[in-house]
Every structure is written in structure tokens, then in C-alpha cells.
Engineer: 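Sharing a structure with you now.
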Amino acid sequence: MKDWLNFFHKRALRLRARFLLLLFSIITFILAGQTFVTLSREVVEIDNRISTQGTIIAQSIAMGALSLMDYQNPDRFHDLIERARERVNLVELSIANKYGLVIAHTDPNRIGEKQEQFGNVFTIQKTTTKWSDVFKGYTEYEGSAPILRNLQLIGRVYLKFRSDEVARGITRHLLSAVSIGFLWLFIGGLAGAWYIRRITRPIEALTEAATSISKARLDEVKLEEPKTEDEVGVLQNSFIHLVKALRAGETENERLLAELKEMNAKLNEKVSEMTVDLRNTATYLQSVIHCMEEGVITCDRDGTIVQANQGSRRQLAGFMLPQPGIKISELIPDGQCLADAVDKAFETGTRTELKVDRSSGSSSSVLATQIGDFPERRHLSFSVYPLRDPDGSSLGVLVTVIDETEKHQIEARLRRHERLISLGTISGGLAHELGNCMHAITGFSKLLLDSLAEGDPKRADAKQIHDENARAVALLKRFLEFARPGKMVFQRQSIERIIQEAIGLCAYQAKQNGVNVVFEPKSDGKEYDCDAQLLRQVFVNLILNAVDSMTGRSEKRLAISTRIEGAKYFEVTLSDTGCGIAPQHLERIFDPFFTTKQDKGTGLGLSIAHKIVDTHGGTITVHSEVGRGSIFTIRLPVNQPRESSV
């Protein structure tokens, strides 16, 4: 009776159940794998056979329909469709002519529809059998065949039918596999239970002894000498020696515990005093660091951020949020240079300065809160300092960050403003004198051109003089537009309509170059104060530049979209798939006379566009990647003055 009670002991029964469950799982896994492989092979074989059968039926229907194609009787295919119903469980059968029009269908209402193209009508098409088909009881298959006359395609046949052969085969095999599985589980369970019992009986005694030891009742531990020399016997023998050692050391532990309690009380008192001092000092330093406008970040040897103050969040607004646990290289795009600077500070023990130029924004799920408006391209200055304790051991690295974007923008605007002032002075001074000379050349070259006969070889030279002078006059006119202040009158206009007019003006050039222009207005369609003529000139210039940049490209697409940003700005984005702009040219593209078109451009288009947008109180920015395209973004304030000068 005692043996039976021990057999049903809760913990022993749980261990045996685990062994049996593992054994059953292994048997079930093997049987399931074998059943799956067998079923997969048979399903593939049946699938291929039925798909081939469907193709043969479709070809037979195509041969039968060949002789009926020239007749006009709408019921001429009725018998052919009925014969197909007798051969298979027909779902859909359609016969189309060479133009893709359905001339026969199982559903009379679909006769006359335009049939979708099949691609290669000789291909066997089928629907792959799914496990859900077992519950549906059937699988749908498709087949198609051409209708040929003298090797010419005059029509095609499309066939869809159902078959329950796969479902029946799967059901049959599943029932057989389940029966065999239950048999093997029964046999394995009997054999496993007999063998597991031999292992668990000595383990029960060890479990009881371990329970007594865990409750510090060594006197209650009673173990028999092992009767076997296998792993279980070795475990029993080791446990007996362990109990003897524990009993011998129990007295010594009690003595040491008393001494440890006394020492621990003294240490706790000292630790409490030091903890208060350290907490006060840390609180003071944390307050000072968090109040700093400059970003301060500390990280460990691996470049993982340990702490970051509020200033770092402001300086890195628009990038990854500096927070403990992330890598320093993840703060900005292509941030490996930061990780390298941290490694250098650890290795050399010296300060490292780093200035980077990156695009703001990130695709990460953890983003910094955007504080105010900031440009897409950011200029950041990092300083990396090694942190060491009094013994010279490394404690980590301190990284400071300052956003110098505004400083760079101001410097760039000052340089551009100085160039514009110089250009305006020069253009205004030369415009009058050059204009008189050029108009005189125009008049005399026209007289010379009219005086020469059509066949005169000198006429081509005279025409070249006249055309080149006309080009120079046009260039001078652009100089005057850029240098001479003019009066702009702002009126209520729909900027989206202005963009559409600009697209219409450039439609011919876009079509000639094969460029697909897509306009996606997303604003509310309201009218705003602006100078329509000048804004139209800006959009025409940008569209033509985009068309020119896509010459020779495989993908030619220009996407133009609009939106209202925070009810303050009207934003227009022009994104092309052109050749892109080199990074060293991005800061100069709005400079007068700077062009990358060599002899095809004057370098004034984007300068004038920048000046017009600036006069409207807006901004124009560009983001570009060489080989991938450019994105120009124009932001115009919603409220404009009624009059201004440009």
C-alpha cells in the first residue's frame, strides 16, 4: 500500500507525466511529419494530373469551337458547353475571339464582355490545393487553350472547374494516419511507463531529501545506499555525501552568521551616510546639466547612451530621441562617425571634434519631439571627451552637441545677399550700354539678312549673327529682371490653378522627353494672396529643370503635390526621378550664374525663382541624391501683403 501511495505522489506523478508527454510528443511529431510528406506528394501528383486533364479538355473545346467561330448563331456553342459540363464539374467556360470579346459563356449575361488577357494561353493554370479545400470538399482548377486556324490565333478558351478528388484523398490518408498514430501511442505509452517508473522511484527519495534540506531539517533526511551503479546510483551516492557535508558545516555557518550580522549592521550605517551625500551631489549635478542649453550625452565603452539632458533633445530635434539604452551611432543618419569618435576618445584619451551635415527626420519608431521649424539639412557640431576616475581608469565618454544650422543659414544668406547686391550693381550699370549696342546689332543684322539672297552662302553667317544677338538680348532682359526692382501686386489667386497653368505651358517639352507629370493637389483649394505671373514663372522654371534632368533616364516621372501646413503655410513639393544634384553643388544652386548645364543654362533661373519666393515671404529648399532624383519644396505663408517690390 505504501508503494502505491508513493507512486501517486503529486510531484512524482508530475515528473512521470512529463516523461510520457515527451515520449508522446516525439511519436506524434514523427507520425505527423511522415503523414505530411505522404500527403504532399499525393496532393502534388493529383494536382498535376487534374490540371493536365483540364488543359486537355480546354484544348478539346478549342478544337470543337474552331468550326463554329465563323457562324453568327449565338446558340452555336450550346452543345459544346453542355458536353463540357458532362465531363467535369464546370464552374465557368468562356470562348473569346481574337479581339478578346466573349462570344460564348456559361453565363449568357457575360457574352460581349471584354476578356482579360491571359498572357501565354498555352500555360497550364491551376489553383494550388489548400488545407481549407478538405473542409470545402473540392478544389478549383483553371485551364486555357488557343483556337488556331492555319497557325493564326483566332480566339481562346478559358475553363474553370471543380474536383473533389484531392479532398477525398486527403481525408482518406488523414483517417489512416490517425488510426496508426493511436496504435503507436498506446504501445509507446506502455513501454515508456514501465521504464520511467524505474527512474522515478529513486528520484522520489532524493526529492523528499531535498525538500527537508531546503527547510533546514537535516535530521529528517534518510537515504538508502544505491542499489545500481548507473547515473541514478551515482546521483544518490553524491547526495549522501552532500548531506554529510551540510551537517558538518551547519554549526560553522551558525557561528559565521552571527559575526556577519554584526558586521552588516555597521556597514549599513556607513552606507546610509554615504548614500545621502552621493544623492545630494548627484541631484545638484543633474540639475545643472539638464538646465544647459548645450546638449550633453554620456555613453559607455560600447557607445551605448547612459544619460542625456534636455539640451540634447533640443539640439537634436528631428533626429532620434537621445535616451538611455540606444547606440550613439543611431542618433543621426550614417552615425558611424560618432561611434568612431567615441572609440578614438577611449583609445587616445584626448578630446575629439566632429562636424557633420545630415538630413533631419528618421524612420525609427522612437523620434524626437520636433521643437519649432527646422530645415531638412542640419549642421551639427559634436565634441567627445573621455571620462576618467582619479586612478586614470576609463569611466565612459561625454559627448556635447550644438546645432549650428541657423549659423550656417545666416552665413549662406549673407554671402548670397552680397553676391546679389554686386550682381544688381553690375547688371544695372551694363544694361543700358549693352542694350544700345545689341539693338543696333539687331537692326543692322536684319538689314544684312534681308539684303542677301536665299542661295547666298553668306546668308547663313548673317542669320547666325542675328540669332546669337537675339539670344544675348534675351539674356540681358533676364539680367534686368533680376537686377531691377519691380512692382508686384498681390491678388487672391488659386495657387493650384497657377501650377496647372505652368504644367500646361511645359506640356510639350514634357511630352517630347517622355516625362510623366502627375499633379496631386491635397490642399483645400482656397485662394491666397500672391503674384500669379511671377509664381507661374517659378513653377515653369522648376518643371523645365526637372524635365531636363530626366534626359536619358529609364524612369521619367515628375510628381507635384500641395498641402496646407498648420494653417500657416501653403507647401508645394516637386519630386523628380532625374540625375540628381551633387552634394558639393547643393549650397550654390541658388547663386546667380551658377549652373550645372554647361552651355545650355545661364544660371539665373533658380536665382530668380529664389528671389520671387523670398519676396513672397516664403522659402525654397532642395533635397537631392545623385542618381535618384531631386525634391524641391516651396513654402508660402498663407497671409500676404497686398503690394511689394521684387
Side-chain angles (χ1 to χ4, degrees), residues 416-417 420 423-424 427-428 431 435 470-511 515 517 519-548 558 560-564 568-574 576 589-593 595 601-622 632-646:
R416 186 178 295 113
H417 185 67
L420 291 177
L423 177 63
S427 300
R471 181 173 176 271
V473 172
L475 180 60
L476 178 61
K477 183 178 179 181
R478 299 196 71 180
F479 286 166
L480 292 175
E481 290 177 354
F482 186 79
R484 183 174 53 203
K487 198 75 168 180
M488 287 199 312
V489 178
F490 289 82
Q491 296 179 348
R492 301 295 288 183
Q493 299 283 345
S494 171
I495 300 180
E496 292 179 352
R497 184 169 64 250
I498 296 173
I499 297 174
Q500 290 174 341
E501 293 173 357
I503 294 174
L505 293 174
C506 303
Y508 176 77
Q509 289 86 343
K511 183 177 181 182
V515 176
V517 181
F519 181 39
E520 300 176 347
K522 298 179 181 179
S523 62
D524 53 6
K526 295 182 179 179
E527 294 183 346
Y528 304 98
D529 290 334
C530 64
D531 190 305
Q533 181 177 358
L534 292 179
L535 281 185
R536 190 182 301 109
Q537 179 182 354
V538 172
F539 296 131
V540 168
N541 186 281
L542 293 177
I543 293 172
L544 292 180
N545 284 351
V547 171
D548 290 341
L558 173 60
I560 305 175
S561 62
T562 62
R563 71 184 185 98
I564 298 296
K568 294 182 179 180
Y569 294 96
F570 186 93
E571 185 174 286
V572 183
T573 303
L574 298 92
D576 63 63
I589 59 173
F590 296 113
D591 290 350
F593 300 111
T595 178
T602 63
L604 287 174
L606 288 179
S607 297
I608 295 175
H610 182 277
K611 189 173 182 180
I612 292 174
V613 173
D614 184 65
T615 306
H616 278 77
T619 60
I620 177 170
T621 57
V622 59
F632 281 85
T633 303
I634 299 175
R635 300 176 70 217
L636 300 172
V638 172
N639 298 320
Q640 287 287 351
R642 286 295 178 174
E643 288 190 359
S644 182
S645 61
V646 62

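Numbering starts at 1 and runs along the sequence shown. Values in this document were obtained by computation on a predicted structure and should not be read as measured data.
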Engineer: Could you grab the distance from atom CZ of Phe490 to atom CG of Leu534, nearest 0.5 Å is fine?
Structural biologist: 8.0 Å
Engineer: Measure the spacing between CG of Asn545 and CG of Asp576 and express it to the nearest 0.5 Å.
Structural biologist: 9.5 Å
Engineer: Are the side chains of Val538 and Ile608 in contact, using a 4.5 Å heavy-atom criterion?
Structural biologist: no
Engineer: Can you find a heavy atom in the side chain of Ile634 that is under 4.5 Å from one in the side chain of Leu542?
Structural biologist: yes
Engineer: Tell me every residue that passes side chain to side chain contact (heavy atoms under 4.5 Å, CB included) with Ala502, counting only those two or more places apart in sequence or in another chain.
Structural biologist: Arg536, Phe539, Val540, Ile543
Engineer: Suppose we screen for side chain to side chain contact (heavy atoms under 4.5 Å, CB included). Which residues come up paired with Thr573, at least two apart in sequence or across chains?
Structural biologist: Ser561, Glu571, Ile631, Thr633
Engineer: Closest heavy-atom contact between Gly617 and Pro637?
Structural biologist: O-CD, 3.4 Å
Engineer: Tell me if the CD atom of Gln509 is crowded by more than 12 foreign heavy atoms within 6.0 Å.
Structural biologist: yes
Engineer: Output the distance between atom CZ (Arg563) and atom CD (Glu520), rounded to the nearest 0.5 Å.
Structural biologist: 13.5 Å
Engineer: Measure the CD-CD distance between Gln493 and Gln533 for me, rounded to the nearest 0.5 Å.
Structural biologist: 11.0 Å
Engineer: Which atom pair, heavy atoms only, marks the closest approach of Leu558 to Ala546?
Structural biologist: CD1-CB, 4.0 Å
Engineer: With a 4.5 Å limit on heavy-atom distance, are the side chains of Leu636 and Tyr569 in contact?
Structural biologist: no
Engineer: Between CG of Leu606 and CZ of Phe632, what distance do you get to the nearest 0.5 Å?
Structural biologist: 5.5 Å
Engineer: Kindly give the heavy-atom pair with the smallest separation between Thr562 and Pro521, and that separation in Å.
Structural biologist: OG1-CA, 3.3 Å
Engineer: Taking Arg492 for its side chain and Glu527 for its backbone only, find out whether a donor-acceptor pair lies under 3.5 Å.
Structural biologist: yes
Engineer: Testing the basics here: between Val517 and Ala510, what is the closest heavy-atom pair and its distance to 0.1 Å?
Structural biologist: CG2-CB, 4.0 Å
Engineer: So which heavy atom on Phe570 is nearest to which on Glu496, and how close?
Structural biologist: CZ-CG, 4.1 Å
Engineer: Check Tyr528 against Ile495 and note the closest heavy-atom contact, atom names and distance.
Structural biologist: CD1-CD1, 4.2 Å
Engineer: Could you measure the distance from the CD1 atom of Ile499 to the CZ atom of Phe519? Nearest 0.5 Å is fine.
Structural biologist: 4.5 Å
Engineer: May I ask you to test the Cys530-Ile498 pair for a side-chain heavy-atom distance under 4.5 Å?
Structural biologist: yes
